[in-house]
Amino acid sequence: MTIYLHDTLQRRKVVFEPLQAGRVTMYLCGPTVYNYAHIGNARPAVVFDVLAGLLRRRYEVIFARNITDVDDKINAASVETGKPIDEITARFIKAYNDDMGALGVLPPDIQPRATEHIAEMIEMIEKLVADGFAYAADGHVLFDVAAFDRYGQLSKRDVRELIAGARVEVAPYKRAPQDFVLWKPSTPELPGWTSPWGRGRPGWHIECSAMSEKHLGRTIDIHAGGQDLVFPHHENELAQSTCAHGGEVFARHWLHNGFLSMDSTKMSKSLGNVLLVHDLVKTIPGEVIRLALLSAHYRQPLDWSDDLLESSRKMLDRIYGALRNIQLVADVRESAEPASAVLAALEDDLNTPKALSELFNLVRQLNKTDETGQRMAHAATLLASAALMGIAQGDAEVWFSGNTGSDLSADNIRRLIDERNAARAAKDFAIADAKRDELQSAGIIIEDGPSGTTWRRAN
RNA sequence: GGCUAGGUGGCAGAGUGGUUAUGCAGCGGCCUGCAAAGCCGCGGACAUCGGUUCGAUUCCGUUCCUAGCCUCCA
């Protein structure tokens with residue numbers, strides 16, 4: 001089997017092959033920690049969590065997802081709230097990790113922080129200056145875009161079009177408007193570090209170049225992030241890393257996820273139309289949110305809506321419904337392999353919608369099987385397949401009845417069901433139906449099955 | 001204006017040069033005391049106009065429309 005991934009640089013799907021056989025290095029641009037993560041920020045975390053898991057089946061994987069903890073917006077938040085920067089970043093790093101955890105995102109192998117890699121950044125900048133790819137001017141250090149002839153290759157942008165004016169900041173210390181900041185001076189009240197160019201702080205792009213080199217090496221296999229990072233962030237990283245490494249390939253595969261929108265408009269912090277993961281997980285199971293994020297292909301746009309969540313919840317109802325009332329023997333479950341159709345879909349550029357459709361084919365197969373041993377085998381395959389996407393791994397009974405969401409306690413529900421069944425046994429269907437109506441009006445739906453009556457909350 | 005992606009049945013959303021996924025919703029049947037769940041079946045789609053082809057939703061081009069990037073942003 002072969003893994004295919006779409007590469008932004010080549011604009012096509014390519015066969016994935018790590019530089020070193022059996023070992024994959026992967027870097028994902030993580031959050032800037034000045035606020036809670038919104039659901040759009042969660043998309044790359046979830047999507048590339050699935051990818052990391054998929055790769056781990058076949059390779060040793062070293063997965064780094066950074067934390068940007070030095071940034072103008074963090075400084076602004078500190079000024080605004082009067083709280084120290086460390087307190088703000090510590091708080092939102094924890095919140096980010098907790099929120100992603102609620103969505104079933106496993107921690108990356110390495111979570112490097114920008115402030116802990118200032119020395120590496122300075123070292124890289126010095127190298128760029130020494131080799132003529134960057135210049136110091138007026139307390140700043142700038143990357144000289146003209147010195148890198150392939151600049152613009154990732155975003156397919158013509159440097160000549162990056163003209164001065166409203167689009168690109170013009171500053172007197174720049175040789176050319178498109179030159180970008182590697183290092184900038186800091187004021188006494190803002191965070192700063194001693195450097196050959198005076199007390200200052202790093203520009204935005206240099207941190208990822210320095211941290212990926214330190215933790216993953218000069219050439220990494222996969223560099224991932226949101227589509228909006230293609231330009232300028234990744235274009236600039238590509239330029240500075242390539243130049244600092246004597247022309248060696250920086251990232252062998254570039255992966256970018258599409259955007260989340262609401263009402264066909266991009267969700268973004270600057271527009272203010274954001275839904276925070278922190279709030280959503282209070283009322284919606286993280287699994288439902290995770291499935292919603294995986295219901296469209298990762299490179300396609302995804303419009304967030306209540307309908308999407310409703311539909312995702314119903315998909316999980318169907319999967320858990322099939323798994324309910326099956327007691328899986330431990331070794332059957334543990335030895336189960338995912339269905340090849342599901343695996344193949346995911347290994348084809350992470351085609352999660354296709355994988356889900358194959359998952360539902362397994363559900364149907366399970367539902368129409370009567371024989372217990374066969375059912376167990378199908379259920380185990382279904383579970384192992386769903387595990388590839390990190391969904392439906394919980395207890396089915398808990399899914400349907402863990403939280404009644406109604407005023408009736410589980411004991412009272414059971415009592416009404418017993419009373420109804422007594423009436424049914426006595427063929428007093430008027431009373432039986434009255435009991436069922438009573439349950440239904442309390443948000444409880446009952447199902448008479450071969451092994452007795454079960455119930456679930458109505459959504 | 002430049003550059004990228006897209007436009008698929010009531011909705012969501014894959015995919016394919018000829019056999020029309022999957023989930024939800026709808027319809028019919030089976031099961032059930034009746035339901036629910038499940039199973040079986042049905043209907044209904046490939047924005048537009050041209051071109052290539054024996055044949056295009058799928059390839060090429062036109063037009064229209066949508067979103068994103070070009071500035072901090074996943």
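Worth saying up front: this structure is predicted, and the values here are computed from it rather than measured. Every chain is numbered from 1, with letters handed out A, B, ... down the list of sequences.
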key: C1' atoms of B:C34 and B:G18, separation to the nearest Å   = 48 Å

key: Nearest-angstrom distance, P atom, B:A35 to B:G26   = 16 Å

ask   = Do A:D7 side-chain atoms and A:H253 backbone N/O form a donor-acceptor pair below 3.5 Å?
value = no

request  = Classify the nucleic acid contact of A:L359 as base, sugar-phosphate or nothing, counting any heavy atom under 4.0 Å across all strands shown.
outcome  = nothing

ask   = Can you tell me how far P in B:U20 sits from the matching atom in B:G28, rounded to whole Å?
value = 25 Å

inquiry  = For the P atoms, the ones on B:A74 and on B:C69, what distance do you get once it is rounded to whole angstrom?
reply    = 12 Å

note = Sorted by chain and number, sequence neighbours left out, side-chain contact (heavy atoms from CB on, under 4.5 Å) with A:M315 holds for A:L291, A:S311, A:F360

key: Under 4.0 Å protein heavy-atom contacts per nucleotide of nucleotides 10-16 of chain B, with B for base, S for backbone only and - for none   = ---SSS-

inquiry  = Below 30° counts as parallel, above 60° as perpendicular, anything between as tilted: where do the rings of A:F180 and A:H205 land?
reply    = perpendicular

inquiry  = How would you summarise protein contacts on nucleotides 37-47 of chain B per nucleotide, using B for base, S for sugar-phosphate only and - for none, with heavy-atom distances below 4.0 Å?
reply    = SSSS-------

ask   = Below 4.0 angstrom from OP1 or OP2 of B:A36, is there any side-chain N or O of A:W455?
value = no

Euclidean distance for C1', B:G1 against B:G9 (whole angstrom) = 37 Å

key: Helical stems, RNA chain B - three or more consecutive Watson-Crick or G-U wobble pairs below 3.5 Å   = B:1-7 with B:64-70, B:10-12 with B:22-24, B:26-30 with B:38-42, B:49-51 with B:59-61

message = Can you confirm whether or not the ring centre of A:F16 sits under 6.0 Å from the ring centre of A:Y4?
response = no

task = Under the salt bridge (charged side-chain N to carboxylate O under 4.0 Å, His left out) rule, collect the residues that match up with A:K354, sequence neighbours excluded.
result = A:E358

message = Against A:L103, only a single residue in A:V288, A:V46, A:D49, A:L280 fulfils side-chain contact (heavy atoms from CB on, under 4.5 Å); can you say which?
response = A:V46

task = Between B:C59 and B:A47, how far apart are the P atoms? Round to whole Å, please.
result = 11 Å

ask   = Using atom P of each nucleotide, how far apart are B:C40 and B:G23 to the nearest Å?
value = 10 Å

task = Determine the contact category for A:F429: base if any of its heavy atoms lies under 4.0 Å from a base atom, sugar-phosphate if only primed atoms, P, OP1 or OP2 are that close, otherwise nothing.
result = base

inquiry  = Just to verify, what does A:Q300 make a side-chain contact (heavy atoms from CB on, under 4.5 Å) with, not counting sequence neighbours?
reply    = A:H297

task = Could you tell me whether A:R201 and A:D72 have a side-chain N and a carboxylate O separated by less than 4.0 Å?
result = yes

query = Say you pick atom C1' in B:A56 and the same atom in B:G61; how far apart are they, in whole Å?
reply = 14 Å

request  = May I ask you to decide if A:E397's main-chain N or O and A:D395's side chain share a donor-acceptor pair within less than 3.5 Å?
outcome  = yes

